[in-house]
Amino acid sequence: MLVVMHKSATPEQLESVLRTIESIGLKAHPLPGSTRTAIGVTGNLQSIQPDQIGGLPGVMELIRVTKPYKLAGREFHEVDTIVTVGDSKTGAGYFSVTAGPCSVENEPLMMKTAEFLRSLGVTLMRAGAFKPRTSPYAFQGLGREGLKILERCRAKTGVKIVTEVMETDEVEAVGDSADIVQIGTRNMQNYALLRRVGKLRKPILLKRGMASTLEEWLMAAEYILAGGNSEVILCERGVRTFNDHSRNTLDLSVVPPLKALSHLPVVIDPSHGTGKRAHVPPMTLASLACGAHGALLEIHPDPDKAMSDGLQTIDFPTFEKLMGQLRELAKPLGVTIC
Ligand code: PEP
Ligand code: MN
């Protein structure tokens, strides 16, 4: 960390800052410049509060040189993480497709979806058994019965299951049923839940909080990694902005900086990101084009009858056409669709 002193800082103020840094067990390295002095600080910076130094008289600014996300960042882990689940790979060189209805509605729907996906060579199926709904009166999901339905779909068709956990008490149950455990946007900063899934040995799909910065998102991933679970897939699902033409603003511009800062794979959810089914195919193709490692899509045989998120859900023929387009676009990009 660098502590930059004001031009007008007095020698006494500089001395006091140096003493404070040393008193909290860190090493201070004064770097006098022509107009002002900066102080390099080394040691275990995790333990200090920025106000301890930033608020001292004569201090203008603190500049962090290393990133706070030690496990999620590339500084100490250069190699890309690729998450393998059955035949799917999510990470550098691969683009995984995960699709299914928003909610587990009933067994026939889920079986039909699983068989349809398998017929197209898609091996990851999504659907929520536990649903985070804005209204307490809306369909809340089938809960544990939904998990059993998903398990039976896997047993019959071989699809792997991506499903959300919302509460710490359900982590073991969802972890036993799912192949990839989803943390939803509303829970990205639920630290108790992040700690619990850090103990699981299943990959975690961590959705970006709808008002979270890139750094906050990576710090949320850090909680899971610090618990010993090294398989985290980040999922951009749109953030809140002032726009009124879509449910959220799908921030594809986060992909290049994210890939530069982190080794973790990143997938895109254009369904929640746009909220409008007509906009899902172009934004899925854009996700592949901008370098993301996968897409998470809401599909349903009859989207207008879906029990949740029907407006952003595409039907089976649209999905089939999109898969063909993804496979074409992947060729010149040298990416494998899986
Ligand atoms: C979902 O995937 O159905 C979902 C609820 O997503 P999000 O947490 O992004 O709203
Ligand atoms: Mn949904």
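Indexing begins at 1, ligand by ligand and atom by atom, following the structure's order. If you're wondering where the values come from, they're calculated on a predicted model, not measured in any experiment. Just so it is clear, the values below take in all heavy atoms, side chains as well, and ignore hydrogens, waters and symmetry mates.
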Among all protein heavy atoms in this structure, tell me which lies nearest to [atom], with the distance rounded to 0.1 Å.
| atom | value |
| --- | --- |
| atom 8 (O) of ligand 1 | Thr185 N, 2.9 Å |
| atom 7 (P) of ligand 1 | Lys207 NZ, 3.5 Å |
| atom 4 (C) of ligand 1 | His272 NE2, 3.4 Å |
| atom 10 (O) of ligand 1 | Arg237 NH2, 2.9 Å |
| atom 2 (O) of ligand 1 | Arg126 NH1, 2.7 Å |

Donor-acceptor pair between [X] and [Y] side chains, under 3.5 angstrom:
| X | Y | value |
| --- | --- | --- |
| His300 | Asp309 | no |
| Gln312 | Ser271 | no |
| Thr90 | His293 | no |
| Ser103 | Ser308 | yes |
| Asp87 | Thr123 | no |

What is the minimum heavy-atom distance between Pro101 and Leu109, and which atoms define it?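 The pair with the smallest heavy-atom distance is CG-CD2, 3.9 Å.
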Would one find an N or O of [X], backbone or side chain, under 3.5 Å from an N or O of ligand 1?
| X | answer |
| --- | --- |
| Asp309 | no |
| Glu164 | no |
| Arg186 | yes |

Counting heavy atoms not belonging to [X], are there more than 12 under 6.0 Å from its [atom1]?
| X | atom1 | answer |
| --- | --- | --- |
| Arg186 | CZ | yes |
| Glu167 | CD | no |
| Lys70 | NZ | yes |

Atoms of ligand 1 less than 4.0 Å from [X] heavy atoms?
| X | result |
| --- | --- |
| Gly184 | 8 (O) |
| Glu298 | 3 (O) |
| Pro132 | 5 (C) |

Classify the contact between Ser308 and ligand 1 as side chain, backbone, both or neither, using a heavy-atom distance cut-off of under 4.0 Å.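 It is neither part, as no heavy atom is under 4.0 Å.
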Does Cys102 have a non-hydrogen atom less than 4.0 Å from ligand 1?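 Contact check Cys102 vs ligand 1: positive.
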Compute the minimum heavy-atom distance from Lys131 to ligand 1 and say whether it is under 4.0 Å.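 For ligand 1, residue contact (heavy atoms, under 4.0 Å) with Lys131 is present.
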Have a look at the Mn ion (ligand 2) and estimate, to 10 degrees, the angle subtended by SG (Cys102) and NE2 (His272).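 The two atoms subtend 170° at the Mn ion (ligand 2).
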Rounded to 10°, how big is the angle at the Mn ion (ligand 2) from Asp309 OD2 to Glu298 OE2?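 Once rounded, the angle between the two atoms at the Mn ion (ligand 2) is 120°.
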Charged N to carboxylate O under 4.0 angstrom, Lys131 versus Glu105?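 Judged by the 4.0 Å cut-off on N to carboxylate O distance, Lys131 and Glu105 do not form a salt bridge.
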